Amino acid sequence: MRRLAGIDFEAPATEVARALIGADLQVDGVGGLIVETEAYDEDDPASHSHRGPTPRNATMFGPPGHAYVYRSYGLHWCLNIVCCRAGHGAGVLIRALEPRHGLDAMRQRRGLADPRLLCAGPGRLAQALGITKAHDGLPLSGPPFALSLATLMHDVRCGVRIGISLAVEQPWRFGLVNSRFLSRPLR
DNA sequence: CTTTCGATGATCT
DNA sequence: GATCATCGAAAGG
């Protein structure tokens with residue numbers, strides 16, 4: 001499934017990462033507006049796909065528009081949307097969203113009340129939305145996922161990515177400049 | 001406000 | 001055996 005929610009998931013990861021800002025993402029009815037993303041593609045030393053397919057990163061190599069979920073630091077789950085083309089492994093990490101639907105479920109899963117901390121970071125977001133390895137490889141085009149057309153956001157800026165040690169200077173993190181729900185402010 | 005550090009386990013060398 | 005696309009608590013200024 002190449003196109004979804006008005007986005008071409010065979011486009012370069014940076015384009016997809018930019019286009020996803022403002023889209024509404026839900027998992028079983030729980031979710032909100034994507035406000036922060038990061039692009040990773042096969043030419044990028046920081047990307048899981050950089051050294052080619054392995055059991056962990058296999059879903060990054062296709063098909064596009066599917067979820068790539070991996071375990072981070074042995075504790076957290078992180079959600080990507082695959083945006084590969086022709087065997088070129090790539091994806092966009094969903095780093096933060098503005099909660100809009102299912103706030104009670106999010107609060108319960110996170111053990112927190114503060115809406116600003118429910119989905120501000122990839123691990124927090126996955127916990128709030130109930131995402132686990134079970135979602136790895138599932139298409140975003142149907143249940144339990146729902147991805148709907150982005151509201152056009154004009155105040156999107158890019159900056160350096162977070163938590164990586166390679167290719168640290170690439171400006172491949174995208175976010176809504178004045179959102180209160182970012183994992184960290186943009187530079 | 002900032003920095004540091006422990007938790008915790010799959011993955012790859 | 002080392003390295004993490006993280007988080008939260010604790011300690012320090």
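Keep in mind it's a predicted model, so treat the numbers as computed, not measured. So you know, we letter chains A, B, ... as the sequences are listed, proteins then strands, and number each from 1.
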Any donor-acceptor N or O pair under 3.5 Å, side chains [X], [Y]:
X	Y	answer
A:Gln127	A:Arg110	yes
A:Ser183	A:Glu36	yes
A:Asp136	A:Thr59	yes

Round to a whole Å and report the spacing from [atom1] of [X] to [atom2] of [N].
X	N	atom1	atom2	answer
A:Leu75	C:dA5	CG	P	14 Å
A:Arg184	C:dA5	CZ	P	15 Å
A:Tyr40	C:dC4	OH	C1'	12 Å
A:Asp136	B:dA10	CG	C1'	13 Å
A:Asn57	B:dT13	CG	P	10 Å
A:Leu93	C:dA5	CG	C1'	6 Å
A:Gln127	C:dT6	CD	P	15 Å
A:Leu118	C:dC7	CG	P	13 Å

- Earlier contact from the 5' end, DNA chain C, for A:Glu38 and A:Arg110: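 It is A:Glu38 whose nearest nucleotide is closer to the 5' end.
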
inquiry  = For A:Gly163 and A:Leu117, find the nucleotide of DNA chain C closest to each by heavy atoms; which residue's nucleotide sits nearer the 5' end?
reply    =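 Result of the comparison: A:Gly163.
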
Margin query: Starting from A:Trp77, can I reach A:Ile34 by hopping between I/L/V/M/F/W/Y residues whose side chains sit under 4.5 Å apart?
Written below: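 A:Ile34 and A:Trp77: one cluster.
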
>> Are A:His88 and A:Phe61, when compared by the centres of their aromatic rings, separated by less than 6.0 Å?
In response: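 Centroid separation for A:His88 and A:Phe61: 6.0 Å or greater.
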
Is the shortest side-chain N/O distance from [X] to OP1 or OP2 of [N] below 4.0 Å?
X	N	value
A:Arg56	C:dT3	no
A:His76	C:dC7	no
A:Arg95	C:dT6	yes

Please work out if A:Gly74 contacts a base, only the sugar-phosphate, or nothing of the nucleic acid, heavy-atom cut-off 4.0 Å.
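If one applies the 4.0 Å heavy-atom cut-off, A:Gly74 turns out to touch a base.
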
Using a heavy-atom cut-off of 4.0 Å across all strands, would you classify A:Ser165 as base, sugar-phosphate, or nothing?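 The residue A:Ser165 makes sugar-phosphate contact but no base contact.
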
* Name the residue closer to the 5' end of DNA chain B, choosing between A:Arg71 and A:Arg51 according to the nucleotide with the nearest heavy atom. =>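 The 5'-side residue here is A:Arg71.
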
Taking the cut-offs as 6.0 angstrom to the six-membered ring centre and 45 degrees off its axis, would you call A:Arg161 and A:Tyr40 a cation-pi pair?
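So A:Arg161 does make the cation-pi contact.
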
- Task: Select one nucleotide: of C:dT6, B:dT11, C:dA5, the one nearest the side-chain heavy atoms of A:Tyr68.
- Result: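 The answer is C:dA5.
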
(Q) If you only use heavy atoms from C-beta on, which nucleotide in C:dT6, C:dA5, B:dC12 is closest to the side chain of A:Tyr73? (A)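 Per side-chain heavy atoms of A:Tyr73, the pick is C:dT6.
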
Can you spot which of A:Val27, A:Leu129, A:Ile131 makes a side chain to side chain contact (heavy atoms under 4.5 Å, CB included) with A:Pro144?
->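 Testing each of A:Val27, A:Leu129, A:Ile131 against A:Pro144, the sole residue satisfying side chain to side chain contact (heavy atoms under 4.5 Å, CB included) is A:Val27.
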
**Asked** For the base of C:dA5, is there a side-chain donor-acceptor partner from A:Tyr70 under 3.5 Å away?
**Response**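 Indeed, a donor on one side and an acceptor on the other fall under 3.5 Å apart.
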
Under a 4.0 Å N-O cut-off, is there an ion pair linking A:Arg100 with A:Asp24?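 Not counted as a salt bridge, because no side-chain N and carboxylate O are separated by less than 4.0 Å.
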
Intra- and inter-strand pairing of DNA chain B, written as dot-bracket with Watson-Crick and G-U pairs under 3.5 Å and | for the latter, reads |||||||.||||.

